[in-house]
Protein chains: 4
Amino acid sequence: MTETPAVPAKSTASRRGRPRSEASHQAVMEATARLLDVEELPYEELTVERIAAEAGVGKQTIYRWWENKAAVVLEALVTGYVKLDFHQVPDTGDLRADLDSWVEQSVKGLCKQDEDEGTVILRSLMAAIVSGGEAIQELLQNTDVWSGMHLAERLRSAHTAGELRDDVDPGMVASAVMGAVVMQMLTVGKPDGESLKRLLHVMLDGALEPRRPA
Amino acid sequence: MTETPAVPAKSTASRRGRPRSEASHQAVMEATARLLDVEELPYEELTVERIAAEAGVGKQTIYRWWENKAAVVLEALVTGYVKLDFHQVPDTGDLRADLDSWVEQSVKGLCKQDEDEGTVILRSLMAAIVSGGEAIQELLQNTDVWSGMHLAERLRSAHTAGELRDDVDPGMVASAVMGAVVMQMLTVGKPDGESLKRLLHVMLDGALEPRRPA
Amino acid sequence: MTETPAVPAKSTASRRGRPRSEASHQAVMEATARLLDVEELPYEELTVERIAAEAGVGKQTIYRWWENKAAVVLEALVTGYVKLDFHQVPDTGDLRADLDSWVEQSVKGLCKQDEDEGTVILRSLMAAIVSGGEAIQELLQNTDVWSGMHLAERLRSAHTAGELRDDVDPGMVASAVMGAVVMQMLTVGKPDGESLKRLLHVMLDGALEPRRPA
Amino acid sequence: MTETPAVPAKSTASRRGRPRSEASHQAVMEATARLLDVEELPYEELTVERIAAEAGVGKQTIYRWWENKAAVVLEALVTGYVKLDFHQVPDTGDLRADLDSWVEQSVKGLCKQDEDEGTVILRSLMAAIVSGGEAIQELLQNTDVWSGMHLAERLRSAHTAGELRDDVDPGMVASAVMGAVVMQMLTVGKPDGESLKRLLHVMLDGALEPRRPA
DNA sequence: TAATAAGCGAGACGGTACGTCATGTCTTCCG
DNA sequence: CGGAAGACATGACGTACCGTCTCGCTTATTA
């Protein structure tokens, strides 16, 4: 997860010069989280200068270790300094009921805020992904962006338990569900619990009319 | 779809003053399309100043009719001046085969370009959605962003034909599939045809192990 | 004082078409005066658009009859729609006393306002002169800009009365005095009555007919 | 003369961060001078953007240290980067002859240019004074705008030498003369040497110590 | 009385400068 | 020598005004 760009990372050795200040690293992450989460600054209004000031850190210290704003924000999001307000998926054994419950809880959580505060972080996430350069691309290849929503995990456990058919890819399914949620949040502002549940049921049961009259 | 902000548009009447130049309107749309599609400028490098120059139009003429860059780009995308490279979904009556064929064709189309050219427009679309203000939000509420991919349409026709169960919402399903595709394209660059097909099959058939052999 | 540009002004004839609206002409002058005098807009913030709006007149109607903003403002200043706050010079026969009195009254008048309100119109006048093109230049050649300050007039009357030496040019002297006043107002804000009186005395001692032959 | 706004300028201390680049400072001054003097751009066509480009300097670097265009131009004029074409006043001991000579030389110098090139800088000076905000006002309070014309200096030397009456303020007299000159240049284009000489004589006849030895 | 002509208020047009802001680099000093 | 402070060049932003133009209407003169 370190971004240290083009640094060979001499294994056990102690590299020359003053080592990277972990305090600064954390300060930047926390500042970013604070600005996104507490101040609720949208991505465009979140500036590197502001992060540096908030963290009590020189601007160059940020540019030394991250490619750009997107990289900072993505690391903060992906490493859990900022969390999207999704709930844990319960694991009672009844997958269908668990998912329904997850949807209900999450929707309730996301909708309780006034305005579209609930989507600020999501928008920042998407903005960072979309605007990101190559380094961000690489980072994303090895990362499950939606891991914070716990959905894939639950589906995987169901898969392992044999509840799902073998040829089902739990990650892909989770990604599809989250894609639908995200688009809904970005376009209409709030996710719609009912539609979402029906979508999940379709995924569980299939969409085709079972027309087996025989 | 009209942008004229807060103009009652008195039906037959002709309002005083110089009327809006439809030529300028089109020029802006075409310039935007040209820059996105031909020059393949990513969203951040696509500036209002450049659009104005390319269209031979004053900057203020853009700001008079659109709230910001996002609104211009979204209108160009939504009204079809720029198209995402997705293929028509065939309608042979066999939904499953049609979808498979669509996936194959589209993936082939999207991957044939060098680099990540295929995702430039998609990134712009998402960037515009994500960065857009309230006016963009409103526009999106009445718009199916993915309509250009023809998937929802095909599913709806299947739904009408009774091929899908009544309680399935074709738009939601399409949105989920497109969400997965988009996230894949944004994070790993190209969509993976095989995964995609399996996802579609899951949606058609259901994910649950039918474990009732008895 | 008509600006009708390049119009031969066919003597008695009545040209075809709608004649110039004197109402609009006056409305523009009055609007300009109101904005300068009442609203105390400085010249740079006084826009043609604002004048047109204030006058309830189309922008083109202004540009049809005046070359530019400077011409409008200058006409308003020169034709007396706006007046600089200088007092009449009394004419008691005692030139020296009259000038002293004039200085005192004028300085008092100019200083009574808070801030630098007293200089707003003066600044506008100078701005218009300085920014004006050729047409303004022409207008100024036949105009005594400082006529509103009544100084030249009084000096001329003294000259005619034989109080001043023959080779003294009253207009030039007035221009010099006003130049000093103006520079003082522009640079330090207020004119300084004492300095001014001393300057006038110097000029008088040099300018007065030495009529003491004895 | 320093522009550093509201900076305590801790005497010997060296403040943190990168210090102001004197190179940029000079580059801006020289660019302004070049544009005014060589390119002969009138004040309105002299833009901050152009100055920045000509100086190879970021626009923000100008706005960081100067309030606006007027401040830049005024500093260039007042610190001698741009000079008005007035001649030195000779000092032969004979004040009257010296002034006559000065008028002749200066008028000749100012009139030799074609068009009104001679007045471009003067117009810029007045424009800057007139349009300038509070900071400019302050700057002007401690500055003799006409110092470049050397007139006040010569008068002061005469004053010190006892040639002028005690109660004569040489600065005020110079200001009056220059005011007349300037108004003439602004309104009719060229100064009129004869009128000017007569004005000076009037002032002298009033200002000279009447050393009547008889 | 109809045609013609110009002026009118309104307001959109192509331009362009404004002053602000953010980016990413560079320089200086402190620890 | 790492890191903070912060100035630097660059360039987009959104606003404002300029002076021109196109509307549909109104007001005169001319036929």
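In what follows, chains are A, B, ... by sequence order, proteins preceding strands, each numbered from 1.
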Scan C:K59 against the nucleic acid and name what it touches under 4.0 Å (heavy atoms): base, sugar-phosphate only, or nothing. base
Can you name the residues that form a side chain to side chain contact (heavy atoms under 4.5 Å, CB included) with B:A27, not counting sequence neighbours? B:A55
Return the 5'-most residue of the pair D:N68, A:E49 with respect to DNA chain E, ranking by each residue's nearest nucleotide. D:N68
Upstream residue (5' side of DNA chain E) when A:V48 and B:G56 are each assigned their closest nucleotide: B:G56
Any [X] side-chain nitrogen or oxygen under 4.0 Å from OP1 or OP2 of [N]:
| X | N | answer |
| --- | --- | --- |
| A:R64 | F:dG3 | yes |
| A:W66 | E:dT23 | no |
| C:S24 | E:dG9 | yes |
| A:W65 | F:dG2 | no |
| A:T61 | F:dA4 | yes |

For the pair made of [atom1] in [X] and [atom2] in [N], what is the distance, rounded to whole Å?
| X | N | atom1 | atom2 | result |
| --- | --- | --- | --- | --- |
| B:R20 | E:dA10 | CZ | C1' | 18 Å |
| B:Y63 | E:dA12 | OH | P | 18 Å |
| A:E45 | F:dA12 | CD | P | 21 Å |
| B:H25 | E:dA12 | NE2 | C1' | 15 Å |
| D:I62 | F:dT10 | CD1 | P | 12 Å |
| A:R50 | F:dA5 | CZ | C1' | 18 Å |
| B:E22 | F:dC23 | CD | P | 14 Å |
| B:I51 | F:dG14 | CD1 | P | 11 Å |

Per the atom types in the model, does the base of [N] pair as donor or acceptor with the side chain of [X] at under 3.5 Å?
| X | N | value |
| --- | --- | --- |
| C:Q60 | E:dC8 | no |
| D:R18 | E:dC26 | yes |
| C:R16 | F:dT30 | no |

Using side-chain heavy atoms (C-beta onward) and a distance below 4.5 Å, is D:V82 in contact with D:T32? no
Side chain to side chain, C:Y43 and C:S131, heavy atoms closer than 4.5 Å: yes
For DNA chain F, whose closest nucleotide is more 5', that of B:L46 or that of A:G58? A:G58
5′-ward residue of the pair C:K69/B:G17 relative to DNA chain F: C:K69
Is it true that a side-chain atom of D:R34 and a backbone atom of D:I51 form a donor plus acceptor pair closer than 3.5 Å? no
Scan C:L125, C:L41, C:V73 and name whichever one has a side chain to side chain contact (heavy atoms under 4.5 Å, CB included) with C:L36. C:V73
Atom of B:V72, atom of B:M29 and distance for their closest heavy-atom approach: O-CE, 3.6 Å
